[in-house]
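In what follows, every heavy atom counts, from backbone to side chain, and hydrogens, waters and symmetry copies are set aside. Chain letters run A, B, ... following the sequence lines, proteins first, then strands; residues in each count from 1.
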Protein chains: 2
Amino acid sequence: MELTERKKKVLRSVVDLYIRTAEPVGSKAVAELPDMKYSSATIRNEMSDLTSMGYLEQPHTSAGRIPSTAGYRLYVDELMMDYRLSIDETKSISSAIEEKMQRVDKLVEKVAKLVSQATDLPAISAASRRSISCVKRFDLILAGQGSFILVLMLPGEQVVNKLIKLPLNVTETDLKLLSAVLNAAMTEIPLEEYTPELLDKVMRSAGSASSLVPVIVDFTQETLRNQGSTNMAVAGQARLLGLPEYRDVDKAQRVLASIDEDTLSNLPAVMQGSNGTKVIVGPENVADELKDTSVVMTKFDIGEGMQGMIGVVGPTRMDYAKVTARLSYFAESLSKMFAKPEQPQLPEGISEEPKEPNK
Amino acid sequence: MELTERKKKVLRSVVDLYIRTAEPVGSKAVAELPDMKYSSATIRNEMSDLTSMGYLEQPHTSAGRIPSTAGYRLYVDELMMDYRLSIDETKSISSAIEEKMQRVDKLVEKVAKLVSQATDLPAISAASRRSISCVKRFDLILAGQGSFILVLMLPGEQVVNKLIKLPLNVTETDLKLLSAVLNAAMTEIPLEEYTPELLDKVMRSAGSASSLVPVIVDFTQETLRNQGSTNMAVAGQARLLGLPEYRDVDKAQRVLASIDEDTLSNLPAVMQGSNGTKVIVGPENVADELKDTSVVMTKFDIGEGMQGMIGVVGPTRMDYAKVTARLSYFAESLSKMFAKPEQPQLPEGISEEPKEPNK
DNA sequence: TTTAGCACTCGCTTTCTTTGAGTGCTAAGC
DNA sequence: GCTTAGCACTCAAAGAAAGCGAGTGCTAAA
């Protein structure tokens, strides 16, 4: 059977109504829509066709129709009207983002909150660095009896430090020598090349400061490893409970549990290939708990070898148009913010990174 | 009427049973407890007395009894049996804490998760620094054309850094001079003494590097201000939904909303005075949404001018004994960890010490 | 091809009934 | 004088039955 224009129109109307009401949609309701020029009987026939074509479903014989997964898919891919963000919306999103945000992990948290607020759904936000990283420079600063500060400069304006304490005395000369050795031998090379042989070589060149080498290298390796890590935050889980489909507490709990930060750690992988906004409708989901829950995600580049992702989780009948619009706008604003880091809206640049000592 | 030993025993049994079952407790159930040597009729009389004394309540005439707020209070303050942590429990708590945790904010997050796991309830964790802080030392490291790294040493082994970029050239000599000036004039003094006059003086002494002073001082001030801030994390909200009293989604949502990180920002204030473990039973709560929700909190010192707090939120009938025991153990382990930061740490001495609650 | 009409279906809601845990009271027992 | 067995009474919760009404599919007429 062919999917005529009228059928598409009916399908769109059904999905739109269902998104709004969360109740099965009857032929009469569709017929009464302002720009629907046919009677309920006609609509009924069309809906019957759409059902046999697999785009709609009937919870039971005498109920209205609800969109099937295929129906949502078609809706998202073709039928969905562009949602125009109102000036107010763009304004509130931009101004929220523009507040200066200091560290990446705080930023991720903040963004998750904002996205959740903007969509009224639970939101996830993540930022991950690709781990192709190296040390650009080592600095050692004497900090007192047997303690010194190790400062690592990494690509992308990042600076990491650690206060190191040792049960032996350290002299300025030791540190000078050691930092020269480290800078000569261990900068600009990836983690993999930190071989035992290299360490050995460094140790030997370090002379009296050689006992400092292991602790320095340990920290460096750990730092480089963490560079490839992902910051992630979830916000607004409670919003899920406001939705009729999650009045069933068990269901809500299952979904909430599965969007816990721990559980989601593999999510970035999902986003790997695609760029832009991606909609995963209900059963297309990998996780079993999310079978009747949809996920909308947007990936974006934030420069400096970092990637950002924001997404929301909601019922299959969520307002895809609105959600994707807001998400995209968010992503865009964030990209912009990162693209020109020295611009006025971000007075300090985003390169600082206050660190605590204590591994 | 006098509160006899037997009445206390009955009350304790009622609370214990209610904590376990979440159902009104009948006289028969109490009478059938192993060490209850009276018949249900006798218990019935005692329960009737306890009801008129205000320690128990009846949801309706022909139902069992549930503890009133006064009943819980008495239970928590006097009746509650010490809960002995099993070796397994202490082990799992200690080993969880022992994992190296890097920064305070990450630690707070991690602890919230652990506490939530250990109690199976939503948990809050916070760490706050008293803001009496100063810079112990400034270091400036040249990092390239017109950019350098500012390193601040703060009390308590903290080191903070920031990469600063400027549209002008900076020389090693400039930085040497400047750091000498800064260390002479601006260390060991509190934020308040960063007066315009002082800045002026520093600027003048800084010579050709004077243009760097404002940006350095800005960052320093901001850092010191942040020192007084509070890190806070909430974890395991979803666990609330597993409890029968929160099957009512609206209720659950209200509670969850009110333990959102934002809302709770005033919580540290509540903990101000008291030390040790504090139990807030239901209606004793300030927030209206938490009227039938209890909060158990423990405050502890983690040295270096920092204070920690962990707490859980749960139904009024939560297992206070178990929860306070675990919370205290957590607090203790954390304190220990901070007290001897370089120690390999714990398992010896399973000195749990389920705290006597303070009224 | 569209539409009005009509019989039919079936999940909700409401009302009524039943059930049983739990109570308070009384009178007998220790 | 305490304790306990016994019994009538209460009342929420669970189950069953009835009625409602939104929605359908089909048919026949426009």
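Within residues 29-47 of chain B, the residues having any heavy atom closer than 4.0 Å to DNA chain C are, in order of number, B:Arg44, B:Met47. Listed by residue number, B:Ser62, B:Ala63, B:Gly64, B:Arg65 are the residues of residues 62-70 of chain B with a heavy-atom contact under 4.0 Å to DNA chain C.
Under the salt bridge (charged side-chain N to carboxylate O under 4.0 Å, His left out) criterion, the residue pairs touching residues 37-48 of chain A are A:Arg6-A:Glu46, A:Lys7-A:Glu46, with sequence neighbours excluded. Counting only residues at least two apart or in different chains, ring pair (Phe, Tyr, Trp, His ring centres under 6.0 Å) contacts with residues 13-69 of chain A are absent.
The minimum heavy-atom distance linking A:Pro315 with A:Leu243 is given by the pair CD-CD1, 3.5 Å. Across all their heavy atoms, A:Ala233 and A:Ala112 have their closest contact at O-CB, 3.8 Å. In plain terms, the two heavy atoms of B:Tyr246 and B:Ala252 that are nearest each other are O-CB, 3.7 Å.
Partners of B:Asp250 according to the side chain to side chain donor-acceptor pair (under 3.5 Å) rule, which considers only residues two or more places apart in sequence or in another chain, are A:Arg247. Remark: B:Asp120 pairs with B:Arg239 by the salt bridge (charged side-chain N to carboxylate O under 4.0 Å, His left out) rule, at least two apart or across chains. In this structure, the salt bridge (charged side-chain N to carboxylate O under 4.0 Å, His left out) partners of B:Asp35, at least two apart in sequence or on a different chain, are B:Lys9. Considering only residues two or more places apart in sequence or on other chains, B:Arg317 meets the salt bridge (charged side-chain N to carboxylate O under 4.0 Å, His left out) condition with B:Glu245. Annotation: ring-ring contact (aromatic ring centres under 6.0 Å, His included) contacts of A:Tyr320 (sequence neighbours excluded): A:Tyr72.
Taken to the nearest 0.5 Å, the CD1 atom of B:Ile19 stands 10.5 Å off from the OG1 atom of B:Thr316. Separating the OG1 atom in A:Thr277 from the NZ atom in A:Lys299 is a distance of 11.5 Å, to the nearest 0.5 Å.
When each of B:Pro59 and B:Arg6 is assigned the nucleotide of DNA chain D bearing its nearest heavy atom, the one mapping closer to the 5' terminus is B:Arg6.
Heavy atoms from other residues, nucleotides or ligands lying under 6.0 Å from CG of A:Asp82 number 12 at most. Within 6.0 Å of NZ in B:Lys251 there are more than 12 heavy atoms belonging to other residues, nucleotides or ligands.
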Contact list (N/O, under 3.5 angstrom) for nucleotides 14-17 of chain C vs protein:
none

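No donor-acceptor distance shorter than 3.5 angstrom exists from the side chain of A:Ser13 to the backbone of A:Val30, with no hydrogens or angles considered.
You can see that DNA chain D meets the heavy atoms of chain B within a 4.0 Å-exclusive cut from D:dT3 to D:dA12, reading 5' to 3'.
Bending across the helix from C:dT1-D:dA30 to C:dC30-D:dG1, expressed as the angle between its end axes from five pairs apiece, amounts to 20° (10° rounding).
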